[in-house]
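Below is one structure, written out as structure tokens; the observations come after it.
Naming: A, B, ... by sequence-line order, numbering from 1 per chain.
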Protein chains: 2
Amino acid sequence: MNADDTFASGRTGHRHASMLERRATIEDVASAAKVSVATVSRALRGLPNVAVSTRQRVMSVATSLNYEPDPAASRLAAGKTKTVTVGVPLISGWYFSTVVASAEAVCNGAGYDFQVICVSGPADRDRLLDDRHHLERRTDGLILVDVEPSAEQAARLRSRRIALTTIGNAVDGHPSVMIDDELVGEMACEHLVELGHRRIAMIGGLHDDPMNFTVPKRRRQGFERTLVRHGLALLPEFVAVGNFGIQGGREAMAELLDLADPPTAVFAMSDDMAFGALMELDRHGLVAGRDISIVGVDDHEFAQVVNLTTIRQPVADHGAVAAQLLISEMEAAAVGATGRPLTGTPTRSQTGESAGTPAVRGQLALVVRSTTGPAPV
Amino acid sequence: MNADDTFASGRTGHRHASMLERRATIEDVASAAKVSVATVSRALRGLPNVAVSTRQRVMSVATSLNYEPDPAASRLAAGKTKTVTVGVPLISGWYFSTVVASAEAVCNGAGYDFQVICVSGPADRDRLLDDRHHLERRTDGLILVDVEPSAEQAARLRSRRIALTTIGNAVDGHPSVMIDDELVGEMACEHLVELGHRRIAMIGGLHDDPMNFTVPKRRRQGFERTLVRHGLALLPEFVAVGNFGIQGGREAMAELLDLADPPTAVFAMSDDMAFGALMELDRHGLVAGRDISIVGVDDHEFAQVVNLTTIRQPVADHGAVAAQLLISEMEAAAVGATGRPLTGTPTRSQTGESAGTPAVRGQLALVVRSTTGPAPV
DNA sequence: ATGAAAGCGCTAACAT
DNA sequence: ATGTTAGCGCTTTCAT
């Protein structure tokens with residue numbers, strides 16, 4: 001089959017260098033350990049009903065043979081892939097890459113292969129979730145970050161035995177990790193009001209929202225509600241769209257500054273947008289924290305560089321916790337599969353969290369730096 | 001030979017088919033299309049020796065059955081995984097996440113599964129490259145970003161039939177994409193010298209360099225050489241270590257400012273370090289571009305926010321080009337494997353690029369913003 | 001151009 | 001506690 005020797009002469013001194021490495025199979029281990037392949041399989045996977053001495057012998061033989069099970073073979077035979085996939089709207093960008101990084105660390109630590117796929121719009125989302133191609137037989141679990149599957153898609157995922165955990169929004173019956181986004185808006189508003197501001201604007205939201213990104217909606221609710229509680233109102237012209245990017249933030253700030261009567265303070269729903277706002281302030285010769293106050297959300301790595309006041313959220317934790325939740329789900333499912341056929345699985349449709357579907361909430365903290373200050377008199 | 005019928009009755013009964021989706025196998029397609037599985041396999045994979053009419057029929061049946069080949073099964077049978085893995089020192093962080101993002105787009109577009117693994121030190125690197133676990137039978141190709149495999153590791157990769165492409169450094173006999181790092185140092189130096197600076201410092205390098213990260217070394221060479229060409233010298237106290245992070249840049253700048261006779265200009269080998277330097281300047285009440293000039297490298301998204309003068313490199317291209325090179329290698333290897341056994345593959349040990357191992361160089365551009373200005377008089 | 005059949009390297013019944 | 005063996009769903013000779 002392989003014509004290794006064809007080159008054995010001319011290629012290099014060492015034949016080994018050009019030869020294909022021979023990998024040990026479970027049979028090699030079995031015969032070397034003088035047991036059956038079944039025993040090797042059990043021994044190596046820590047299954048019960050293996051004599052201690054046998055297990056040890058098998059393990060040492062496996063090690064000395066440098067044996068590693070072929071993932072394709074075990075996937076085919078067992079039907080599990082030991083792979084997790086994370087779907088994000090964008091791979092670069094501080095928030096998402098931080099989430100991906102921490103999820104990767106956890107998954108890899110738990111022995112899972114880690115795949116990433118970019119889901120930048122509804123089409124991508126539906127392709128990922130509806131087509132047979134991406135998930136089917138390729139992954140045991142999926143982490144969706146700021147991507148909301150429909151109820152049907154979530155249901156199908158379950159019937160396809162693919163575990164799901166979401167970040168940024170909750171899907172009924174699945175674990176999720178998110179922050180209290182209403183509280184975010186509330187905290188930002190409180191801070192600004194306390195400083196004496198009364199003309200407070202908001203940068204956030206998306207121009208069109210095909211992905212049904214609920215985060216800005218919730219932040220706005222908390223923000224507006226708090227404004228109202230203080231006897232203030234959210235003026236229509238004080239609602240600018242920033243699309244969660246630096247440029248969007250800059251443009252939004254430009255619009256606000258163009259107003260006949262501009263705000264004295266701005267709540268930017270993300271640090272990125274706040275950075276853009278800061279740029280625009282600079283262009284106008286205005287000083288943040290003196291002429292106009294800006295609060296962001298995230299505590300982006302750069303927030304300290306530009307001294308941005310912001311609401312910190314534990315982004316790295318998001319990925320790590322989601323990965324852990326997902327892994328728990330998958331291992332539970334694995335047990336359930338062998339034990340009893342998950343007859344008892346709850347098929348809840350409650351609005352809140354139901355038993356078995358933890359909705360982890362991250363801690364928030366207002367970090368006051370220099371971009372917010374007392375309202376100008 | 002097969003006693004299929006032994007279990008024909010009891011086995012196939014769908015036990016909990018109520019919940020689980022039934023997926024079509026190649027046999028389902030074969031029988032529905034009234035051909036053999038072999039023909040289905042050929043037809044669907046675009047292999048020759050299939051009648052046009054047959055192929056069409058098979059394809060439409062496959063579509064209507066929503067058939068998708070089981071990746072585990074084809075991997076096991078064919079020995080290829082259709083997966084690429086990228087190893088990066090850090091997943092978050094602007095540079096790496098941008099590279100990963102563009103690589104993902106290309107790989108996914110080409111139908112490859114895309115895995116990421118964090119390689120944050122020599123131990124991680126050796127585990128990834130030496131152990132059987134990670135790569136073996138899991139991936140067809142590897143992209144290493146700022147991670148340098150030893151010659152032996154690269155050789156083993158070849159004998160394990162895993163394609164390799166590197167970013168940031170070149171490995172003999174493998175495609176790579178990098179920039180001319182000496183030119184980077186040169187351009188930065190030229191710019192500063194032209195502005196009249198003569199006391200020019202440098203922030204870069206790593207404290208200890210277990211990964212043999214060659215980028216800062218080359219940048220320094222170009223930088224120092226250019227200094228010398230202009231009759232200047234790189235003073236030992238003008239070489240600060242920044243570890244390529246914001247904090248490191250800040251500390252490095254602090255050291256430089258503590259000097260009895262501080263520099264009037266600083267070449268920071270990355271934008272991140274430049275941002276840190278900017279922070280420190282700010283803390284000292286100094287204005288960048290007036291009191292002290294700073295040039296960075298990258299043209300980080302954030303560079304425009306703080307108006308940083310920098311040397312732009314096409315980071316996204318790095319990932320995209322590397323992915324393309326890798327895919328070319330893999331498809332060539334696939335052909336070579338069936339066709340002729342890659343007789344002509346060069347085993348060169350030249351210093352530069354050799355035929356068949358393209359070393360793509362990215363375009364550089366000096367982007368002048370406001371953090372550099374004429375030397376104070 | 002098509003089909004039959006032998007694996008690929010495991011896992012999981014089932015038997016002992 | 002251990003062994004036997006039938007698949008898992010494909011790909012790939014080898015026939016025809």
For the residue pair [Y] / [X], report whether a side-chain donor-acceptor contact shorter than 3.5 Å exists.
X	Y	result
B/S60	B/T63	no
B/R45	B/S41	yes
A/E152	A/S150	yes

Nucleotide [N], atom [atom2] - distance to [atom1] of [X] in whole Å:
X	N	atom1	atom2	value
B/D28	D/dC8	CG	C1'	14 Å
A/R132	D/dC10	CZ	P	11 Å
B/N49	D/dT12	CG	C1'	13 Å
B/R57	C/dT2	CZ	C1'	11 Å
A/L44	C/dA12	CG	C1'	16 Å
A/L47	C/dA12	CG	C1'	10 Å
A/R75	C/dA12	CZ	C1'	19 Å
B/I26	C/dA5	CD1	C1'	14 Å

Legend entry - Qualifying residue for side chain to side chain contact (heavy atoms under 4.5 Å, CB included) with A/E68, from B/R137, B/H134, B/E136, B/H133: B/H133

Legend entry - Pair B/R138 + A/D113, salt bridge at N-O below 4.0 Å: yes

Legend entry - Sidechain N-carboxylate O distance under 4.0 Å for A/D70, B/R132: no

Give a yes/no on whether any side-chain N or O of [X] is located under 4.0 angstrom from OP1 or OP2 of [N].
X	N	answer
B/S41	D/dT11	yes
A/R45	C/dT11	yes
A/S36	D/dG3	yes
A/S74	C/dG9	no
A/T39	D/dA1	no

Inset, instruction - State whether the distance check finds a donor on one side and an acceptor on the other, under 3.5 Å, for side chain B/R137 versus base C/dG9. - result: no

Legend entry - Side-chain-base donor-acceptor pair under 3.5 Å for A/R42 and D/dG3: yes

Legend entry - DNA chain C contacts among residues 60-71 of chain B, heavy-atom distance under 4.0 Å: none

Inset, instruction - Assign A/A38 to base, sugar-phosphate, or nothing according to its heavy-atom contacts below 4.0 angstrom with the strands shown. - result: base

Inset, instruction - Could you say whether B/L76 or B/P48 is positioned toward the 5' end of DNA chain C, judged by the nucleotide with the nearest heavy atom to each? - result: B/P48

Inset, instruction - Could you tell me whether a side-chain N or O of A/T139 sits under 3.5 Å from a main-chain N or O of A/T83, the two making a donor and an acceptor? - result: yes

